[in-house]
Amino acid sequence: MNLNGTWKLFYLDRKTGKSGAIDARVPGNVETDMAAAGLLPEDLFYGTNITQAYKLETYDFTYEKKFDADDERAEYDLIFEGVDCCAEYFLNGEKIGESNNMLVEHVFRVKNLRKKGNELKVAIRSVFYENNGRGYDLRTMIKCWVPSLTPTVSVRRAQHTYGWDIMPRAVSAGIWKSVRLEKVQKHAFTQFYIVTKHINRDGSAALSVFYEFNRETEITAEGGYVLRVRGSCGKSAFCAEEKLYFRAGNFWLNVPDAALWWPKNYGKPALYDVRAELVRGEEVLATAACRTGIRTAELLFEEGGAGEFCFRINGKRIFALGTNWTPLSPYHSKDGERLSPALALLDDIGCNCVRCWGGNVYESDAFFDFCDERGIMVWQDFAFACATYPEDGAFLSEVREEAVKVIRRLRGHPSLVLWAGDNELDEVNCMLGYDPEDNEISRNVLKRCVRDHDFRRAYLPSSPYVSSRSVFAEGSSPEKHVWGERDYFKNEFYRNQGARFVSEIGYHGCVSEESAKKFIPAEELEGRSSESWILHSSDCFGRRDRIFLMEKQAAYLFGKAPEKFADFAEASQYVQAEAYKFFIENMRTDGEKRGIIWWNLLDGWPQFSDAVVDYYFVKKEAYAVIQRSQRPFLIAVRENENGRAVLFACNHSGAETCAEYEVSDADTREVLCRGKVRAGAGEIVRLETIGHLYFEKRMLLIFWKGSESGFNHYITGAPPYAAADFRRWYALLHKIEENGGKF
């Protein structure tokens, strides 16, 4: 029974005593409900409006709902998929439980419901007072990357909500995910999980089947219970029956001619529809169903700057082309309406990998279903980011409970290839002089949770990972977050960074004038220094960091940053597009590299940022450029140390590719070279050196046709460039795209 819809919301400001009641929506957040009731600005994202919601941080809220029960004699599970954050739950005047974690579901067993008029209350305490009532040691008080974050990390909630350089401060409250009642069945699966054990040379695969039933299902050796498992994927199918001797256990089955799940670019992401039945005689007592993929997934990791960091799927090394997945909204009850178009972008831009960043919430099953179906590998951080966390027994117990719930919910997805303990906590600990190996959460609690509940999936303690055996310095880790000064994207720092795998790298790009007018007041648009600009640029720092960097980057490429907003936005987007192109292609043309996960795809609120699609789903210039740079077969230019343009064919796919290519000058149409290339699966082929073009400001066009066809571009020479040249060149790129890749 679904309990979503209209609830009554009561509020009390502990600071002033102000109180009241309004109608609220579930799923929902209190800010959106109060805005709908006229108690906050209607558009919280316009100007500095969102700062008016800061006052709600000292409020307590109570949600109330009346409902009828289908069967008052039955037992039910009352399931809250997400409540933000510190809450007590009451049913018909009796307390039934409490929770202190917005990131996972909470389930309460209830009975003796009324046929009519049940009263459900959820009382949510102010997170401010919850944090204010706690004690803190020096370690949790130290400022880290995000000053507004520490020491409030003692409550388990999405870390970005305290303010980040990509999100506003939005310390919200609410029942932000669905609520439902489920009737308790006499016999029920509590766990059903299938994992690939190994893939055989003859094309068959061995699967391990894990099962557990509720305690009421008293399975004994003489009880006659059988577990029947069937699965099918096109023409491939399997069926197995196992006699049961206890309510929990494991067995394995064989799948002949197994259809394998492959990441995008390397094969089809085959999925099996699986049904399991607990049978006794002719009676089916309990059922479970899932979709799963047959595949092996490994993380090849060798410490050191010249080491290894690579995903290997079904025995084949995969080049990861991906993006970081960041919050879809400050108010996560809105995530659902933004998810589908965001996922469409993820697929369309050519990603075969996505990293779910640790400052966010855990994504929905719909997100993982999509990645399963499209062959997009998921790197999942646990929800810890950029801070030092408590390690007392109570907090570690909460972390353990959270991790087990998340692992069990997500482990059945073949797209999930890696658990990472956190985002940048090893770096934080090194910065503070702590040994990262002493981190009890990442080195023990989370590691053991993965070991105990998902032992066949790789675990990385932190991103980037720093052990006590390595010195935190350039070249110490094969996997890095590459940020630097963010001045010229071809400087020494970016060109020769030593990482084999880059899991964060980004570059700013201003939103269009049309989008900016939706959140920056007209009178402030041209200034770039107002409170609205600052708030929508770098909220957690309260400075002009992002604005300054955008100006600096545009000035470097074009000699100066344009004053007029429309010109500035255009110049900034050109810079961002060329930066992402350089980052991706510099990795792809280097045979030692194994992947790049750039930052980031989509804004979660209106802002000036690194995202290549703004909050309103308007694509920046970088989007189409990245889309071309992420094609599985790519011909691209790499400048060598002498400034000469060297042509490479990169075949990051699972099949051999043959093509004829031509390189020409975009303005004169002079053909600079032609040729043919045959590139095996996963092969990078050096083609030829075009010439010494460092002092020649040209745009080269590269076309190829064959088993794969496409086009690419490369802008030669050194800054500063004329904005008019870029405007002409990019207009030509748009025209070629519209003409289906034809000049």
Side-chain angles (χ1 to χ4, degrees), residues 166 319-326 345-355 357 480-491 493-495 497 499 501-512 546 549-550 552-554 556-558 569-590 593 595-603 607-614 618-632 634-639 650 652 699-700 702 710-716 719 721 726 729-730 733-734 737:
I166 61 163
F319 192 94
L321 292 166
T323 187
N324 281 270
W325 189 266
T326 52
L345 293 171
L346 177 67
D347 188 38
D348 179 64
I349 203 170
C351 289
N352 69 357
C353 184
V354 61
R355 174 177 176 249
W357 170 67
K480 286 185 183 178
H481 297 180
V482 179
W483 289 106
E485 293 298 318
R486 281 176 270 189
D487 43 17
Y488 184 41
F489 52 83
K490 289 187 184 180
N491 67 15
F493 175 80
Y494 289 115
R495 183 188 296 274
Q497 58 81 21
F501 194 108
V502 172
S503 44
E504 283 189 18
I505 188 170
Y507 215 77
H508 304 108
C510 187
V511 299
S512 68
R546 286 248 164 112
L549 287 172
M550 285 193 299
K552 177 182 176 182
Q553 291 154 3
Y556 197 99
L557 202 65
F558 297 108
E570 179 187 54
S572 179
Q573 289 197 23
Y574 291 152
V575 179
Q576 183 192 41
E578 290 299 310
Y580 279 114
K581 175 183 173 61
F582 180 78
F583 297 155
I584 295 168
E585 295 181 3
N586 198 46
M587 292 291 287
R588 292 193 66 179
T589 54
D590 185 334
K593 309 301 186 183
I596 178 169
I597 304 177
W598 41 271
W599 188 285
N600 63 312
L601 179 64
L602 176 68
D603 282 327
Q607 63 179 325
F608 306 101
S609 72
D610 302 270
V612 300
V613 182
D614 72 27
V618 176
K619 299 171 183 175
K620 302 177 187 177
E621 291 285 0
Y623 184 90
V625 173
I626 291 173
Q627 190 180 47
R628 291 193 291 271
S629 294
Q630 293 199 148
R631 287 172 175 162
L634 177 74
I635 298 181
V637 167
R638 181 184 181 91
E639 291 182 15
C650 308
H652 290 121
M699 184 171 80
L700 307 183
I702 309 162
F711 82 97
N712 196 10
H713 80 276
Y714 194 83
I715 295 174
T716 68
Y721 294 90
F726 260 79
W729 291 336
Y730 267 73
L733 293 175
H734 292 316
E737 196 75 59

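Every value quoted in this text rests on a predicted model; they were computed, and no experiment measured them.
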Drop me the distance from [X]'s [atom1] to [Y]'s [atom2], to the nearest 0.5 angstrom.
{"X": "I597", "Y": "C353", "atom1": "CD1", "atom2": "SG", "value": "4.0 Å"}
{"X": "L602", "Y": "N324", "atom1": "CG", "atom2": "CG", "value": "13.0 Å"}
{"X": "I584", "Y": "I626", "atom1": "CD1", "atom2": "CD1", "value": "5.0 Å"}
{"X": "K593", "Y": "H652", "atom1": "NZ", "atom2": "NE2", "value": "12.0 Å"}

[X] and [Y]: which non-hydrogen atoms are nearest, and at how many Å?
{"X": "S572", "Y": "M550", "result": "OG-SD, 4.1 Å"}
{"X": "Q607", "Y": "V511", "result": "O-CG1, 3.2 Å"}
{"X": "I702", "Y": "A636", "result": "CD1-CA, 4.4 Å"}
{"X": "S609", "Y": "D603", "result": "OG-OD1, 2.5 Å"}
{"X": "S629", "Y": "R588", "result": "O-NH1, 2.7 Å"}
{"X": "G506", "Y": "D610", "result": "C-OD1, 3.4 Å"}

Within the side chain of [X], is there an N or O that forms a donor-acceptor pair under 3.5 Å with the backbone of [Y]?
{"X": "N600", "Y": "A611", "answer": "yes"}
{"X": "R628", "Y": "G710", "answer": "no"}
{"X": "Q553", "Y": "R486", "answer": "yes"}
{"X": "Q573", "Y": "C510", "answer": "yes"}

Contact between [X] and [Y] at the side-chain level, heavy atoms closer than 4.5 Å - yes or no?
{"X": "N491", "Y": "Y556", "value": "no"}
{"X": "W483", "Y": "E504", "value": "yes"}
{"X": "Q630", "Y": "W598", "value": "yes"}
{"X": "R495", "Y": "E639", "value": "yes"}
{"X": "I349", "Y": "V612", "value": "yes"}
{"X": "V625", "Y": "K620", "value": "no"}
{"X": "Y623", "Y": "L345", "value": "yes"}

Note to self: Using the rule side-chain contact (heavy atoms from CB on, under 4.5 Å), only one of M587, K480, H481 pairs with V502; which is it?
What the structure shows: M587
Notebook entry, point to check: Picking from T323, T326, V482, what satisfies side-chain contact (heavy atoms from CB on, under 4.5 Å) with W599?
Noted result: T326
State which residues pass side-chain contact (heavy atoms from CB on, under 4.5 Å) with [X]; sequence neighbours excluded, sorted by chain then number.
{"X": "A579", "answer": "F489, Y507, F583"}
{"X": "F726", "answer": "L557, F558, Y574, E578, I715, Y721, W729, Y730"}
{"X": "N586", "answer": "F582, R638"}

Notebook entry, point to check: Side chains of E621 and H734: do they bring a donor and an acceptor to under 3.5 Å?
Noted result: yes
Next item on the list: Verify the distance criterion only: is there a donor paired with an acceptor across the side chains of N712 and E585 at less than 3.5 Å?
Entry: yes
Notebook entry, point to check: Taking it one step at a time, do L733 and M699 satisfy side chain to side chain contact (heavy atoms under 4.5 Å, CB included)?
Noted result: CA-CA 10 Å; L733 293 175; M699 184 171 80; 4.0 Å; yes
